[in-house]
Amino acid sequence: MKYRVMKFGGTSVRTPEARMQAALKVISAREQGYHPIVVVSAIGRRGEPYATDTLLQVLGEVDRTVDPEPREADLMMACGEIISAVIFATLLKSLGCPSISLRGGQAGIRTDGVYGNARILGINPTGVVEACKRGYVPVVCGFQGVWTGGGLPGAELTTLGRGGSDTSASALGAALRAESVEIYTDVDGVKTADPDFVPSAPTLRRVTYDEVAEIAHLGAKVLHPRAAEIAMKFDIPLWVKSTFSDNPGTEIVPSRELPGRRVTGVTHTGKLVYLQVDLNDARQEHRRDLQARIYEALARYQVNVFMTNLGPTSIGFAVGRELYPEVQDMLDALVLPMPGNEPTVYLVQSTRDETKAFETQKQLLAPLGEVRELKFTVNEACTMVSLVAYDFLQQPGVFLQVLNTLESNGIPVLQTNDSDYSLSCLIPESELRRAVQLLHEAFSLSLAT
Amino acid sequence: MAHDPTEHVSGPFRLEVTNTQTDIPAPDETAFEKGRGLNQIEIRRGFASARVELDADANPSTRLVALKALSKAAISIDFLKFTHDGFSFVVAESDSQRLIDCLTANNYGHEVITDRCVLMAHAVNMRDEEGMVSRIVSDVIASGVSIEHMGEMHDRLLMLMSREDAEHAVNRLRELHPEVTA
C-alpha cells in the first residue's frame, strides 16, 4: 500500500475555507492512488476558541492560584485536536470521501509517561492500516499518544510537547513506511527568511534534515526538530508545503543528497534578556565552583538558556523575556558559600539596583566573614539573529562579513554564538527587522534555490 | 466479496481489526525517538584557543580591524566571544603558528593555547528540554573541568577545554549517564 501522511497545522484548519483547501489536497492524493493518513493540529492559534492555548487558559481560570495537574492539562489540551479531527473527518465525508477520526492512542501511538512532553516509544499502526484497507481516510489527532503505565483502566492520554503534531506525522510516516510525509502550513515551504521581514524571501527547494532542525532550533517555526530527526532516522521523504497553493514546497533530505557549500537562510528568535556576570572580582580558586553553582541553580529551576557563554572569568547566557522575572527572582540574593582556607560567601545581585532581599541578606551575612558581591549586568531588550549555513561558516572571513554587515550599519553586536550550522548574533531588539534584511541581502539569499 | 467503503458512512463505524498481519514492524521493534537528555559524547581534537587584547574602551570598529587581519591571513575562526578587553576564539591547531605570526605582525597583544579539544554532548531537542543545557554544563564544571568556550546547536553542546579535561569530563559524564555512548 502506498501511504502518504499529510499533516495540517492550526492555520490550515482554522476556517471552513482553509479546511476545504486542505480536504481537497487529501482527496487529490487519494485520486493519485495514495492512502492518505491525515494528521491535524488544533484549530487556530492563541485566542481562538479551540486553540490549545485557549483551552489551557480556560483551565487556568478555574483558580489562578492552583496549577492544574499535568495529567488534567494534557486531557484538556488534547480536546483541541479531537475537535479538529472530528470536524475534518466529517468534512471529508461530506465531500464523498469516507473518513474516520482516530485519537492518538487509537492510531497506535504509545508514549512514555511524561505528561506535556511525552516521547514516542512505539507505534502499532494496525488500526490505521485496517481503516485504509477498508477505504477510509484516517484523520489522526496530532500531538497526542497514550501511556499504558498509569495504573488506571485504559491508557493514559499524553501530549507530545511543542511541535507534537509534526512529530506525530513523522512517526506515523516511519511506522507505515510511507512514501512521504507532507507538513502543510500557511507558507510555501522553508523560506530563506521570515517573509514578514523579507517579503521577497524565496522558498528553498531542498534543505537537509540538520539545516531545518537548526532553523527551528534558532526560532523559525517551520518544522519541529523531533519530526526531522525521526524522518532522518527512517529515511522518510519529508516535505513542507502550503495548504493554500500548489507550489511544490520544500523537500527535506539527508545531507548526502545535498552536498555543497551554501548559506541556507537567516532566522531569528523572540525577545531575549542577556545576563552576564564578571568573575574578576571573585577569588581565582572559587571561579569554577561559582560557574558550576550558577548553572546548577539554572538547571534546578529548569531554565532554558540561549547563547551560553562561559570563559575563565565570565558567565553569560540569554533567557526568553517571559522567563526573566522568574530567573531574576531565582538569582537575586542567592547565597553561594565557598569553603576553603579562606571561606568566602558570594551574594548574587541580578537587578540594576539592590533589592530589599539583597540588602537584607548582605546585612545578615556580614557577621559570618568575607562577603563578595557578584553583580549581573542585564540587557533586557535584545534578540538573536542567526545565519544558517552548510559547510560555509568555517570559511575565513565569515564572522567578519556578518559583523561588518551589522556594525557598519549601526547595529551593535553584543555577543556571538556559533556551531557547525549557524552563526548567531545578539543584537538590540529594536534592530531585528533591519538585521534580518541586511544579512539576507549581504549573503545574496534572494538568489537561493 | 469486495468491501464497500461507504457502507458505514451513515451509521456508527465499527472498526474490527481482524487482520494484524501487516508488513509494518511490530511496535516494539522500532525505537522512534532517542531518550531524553544526554545520549552521546564525542571529542574533537586539534584546536587552539586564542585571546586578542584590545583597549577596554575600544569601539567595535577596532574589533573589525583585528578580524580583518585574520581574514586576510585566511585564518578560519570559531567560537568567537567578545570580552570587556578584547575577544577570544578558536582555530585549528595547525593554524596556530600562522595565527601567532599574524597577531604579532599586527601588534596585537595575544595569548594562544594549543592542545585544546571540543567536547560535544549530544542531546536531541535541547531547546524544549527545560534546564538540560544548564544541567550538562553544571555537571561538566562540577567534575573539576574548566570550560574555556561554548557553542550550541539543535542537538548538541560544544565545549572547548584542554585534552586532559576533555578525557576527565567524558569519564565523569559516563559515570553520571551510563546509557550514553562515547
Side-chain angles (χ1 to χ4, degrees), chain A residues 93 98 100 108 110 117 119-120 122-127 129-131 134-136 161-162 171 174-176 213-214 216-217 225-226 229-230 288 291-292 295-296 298-299 301-305 308-312 314 394-397 399-400 403-404 407 412 415-422, chain B residues 3 5-6 8-9 13 15 17 19-20 22-28 30 32-36 60-61 63-64 67-68 70-71 74-84 88 124-128 130-131 133-135 137-138 141-142 144 146-155 157-158:
Chain A
K93 179 186 167 185
I100 178 173
R110 193 166 52 84
N117 193 16
R119 294 259 167 152
I120 296 176
I123 297 185
N124 180 349
T126 314
V129 171
E130 198 65 24
R134 294 177 59 177
Y136 289 82
R162 206 180 317 170
L176 292 161
E214 190 69 4
H217 174 70
R226 280 167 75 187
E229 186 216 344
I230 294 170
R288 195 163 56 202
Q291 290 175 331
Y295 275 97
E296 162 67 30
L298 292 167
Y301 286 88
Q302 300 194 314
V303 177
N304 265 341
V305 290
T308 41
N309 179 21
L310 200 55
S314 67
Q394 294 69 31
Q395 299 304 299
F399 263 110
L400 174 67
L403 294 177
N404 195 35
E407 292 187 334
Q415 191 50 277
T416 70
N417 191 61
D418 65 301
S419 73
D420 294 355
Y421 285 93
S422 64
Chain B
H3 172 71
T6 63
H8 292 296
V9 169
F13 183 93
L15 182 65
V17 179
N19 175 18
T20 56
T22 68
D23 53 356
I24 305 299
D28 289 324
T30 310
F32 282 88
E33 296 194 85
K34 288 180 183 160
R36 284 186 180 73
S61 63
R63 204 162 57 195
L64 284 178
L67 287 170
K68 216 169 267 180
L70 298 176
S71 174
I75 293 168
S76 171
I77 64 171
D78 282 314
F79 291 90
L80 177 69
K81 299 289 178 191
F82 303 148
T83 59
H84 69 284
S88 59
V124 172
N125 193 30
M126 290 195 308
R127 181 64 70 232
D128 290 344
E130 290 160 347
V133 171
S134 308
R135 168 60 58 204
V137 174
S138 159
I141 302 171
S146 292
I147 300 175
E148 297 167 5
H149 281 286
M150 282 186 65
E152 61 177 71
M153 51 190 286
H154 65 94
D155 64 351
L157 265 182
L158 304 102

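So you know, we letter chains A, B, ... as the sequences are listed, proteins then strands, and number each from 1.
- Contact record, E130(B) with Q302(A): CB-O, 3.3 Å, taken as the closest heavy-atom pair.
- Across Y421(A), Y295(A), Y301(A), the residue that shares the most heavy-atom pairs under 4.5 angstrom with chain B is Y295(A).
- Options L158(B), I77(B), T83(B) differ in how many heavy-atom pairs under 4.5 Å they form with chain A, and the most are formed by I77(B).
- In this structure, I141(B) and L310(A) have side chains that are in contact, with non-hydrogen atoms separated by less than 4.5 Å.
- Judged as a salt bridge (charged side-chain N to carboxylate O under 4.0 Å, His left out), and not counting sequence neighbours, E214(A) has no contacts.
- Summarising the geometry, atom OG belonging to S134(B) is positioned 9.5 Å from atom CD belonging to E296(A); distances are rounded to the nearest 0.5 Å.
- The parts of V305(A) that come within reach of chain B are both its backbone and its side chain, each placing non-hydrogen atoms under 4.5 angstrom from that chain.
- Residues N309(A) and K81(B) approach most closely at OD1-CD, 3.3 Å, considering heavy atoms.
- For the options P225(A), A292(A), A171(A), heavy-atom pairs under 4.5 Å to chain B are most numerous at A292(A).
- Here the closest heavy-atom approach between residue L64(B) and residue L400(A) is recorded as O-CD1, 3.6 Å.
- With chain B as partner, the option from G397(A), S314(A), G161(A), A213(A) having the largest number of non-hydrogen pairs under 4.5 angstrom is A213(A).
- Distance check, rounded to the nearest 0.5 Å: NE2 of H149(B) to OG1 of T308(A) gives 12.5 Å.
- Interatomic distance, H154(B) NE2 to S419(A) OG, rounded to the nearest 0.5 Å: 8.0 Å.
- In this structure, CG in D78(B) is found 8.0 Å from CG in D420(A), a value given to the nearest 0.5 Å.
- Between the CG atom in D155(B) and the CD atom in E229(A) there is a gap of 8.5 Å [rounded to 0.5 Å].
- For a residue to count as touching a neighbouring chain, one of its non-hydrogen atoms must lie under 4.5 Å from one of that chain's; by this rule E152(B) touches chain A with backbone and side chain alike.
- Scanning all heavy atoms of the two residues, the minimum distance from Q415(A) to L80(B) falls at OE1-O, 4.2 Å.
- For the salt bridge (charged side-chain N to carboxylate O under 4.0 Å, His left out) test, no residue two or more places apart in sequence or in another chain qualifies with R288(A).
- Highest contact tally toward chain A, considering only L157(B), L70(B), L67(B), V137(B), is held by V137(B) [criterion: heavy-atom pairs under 4.5 Å].
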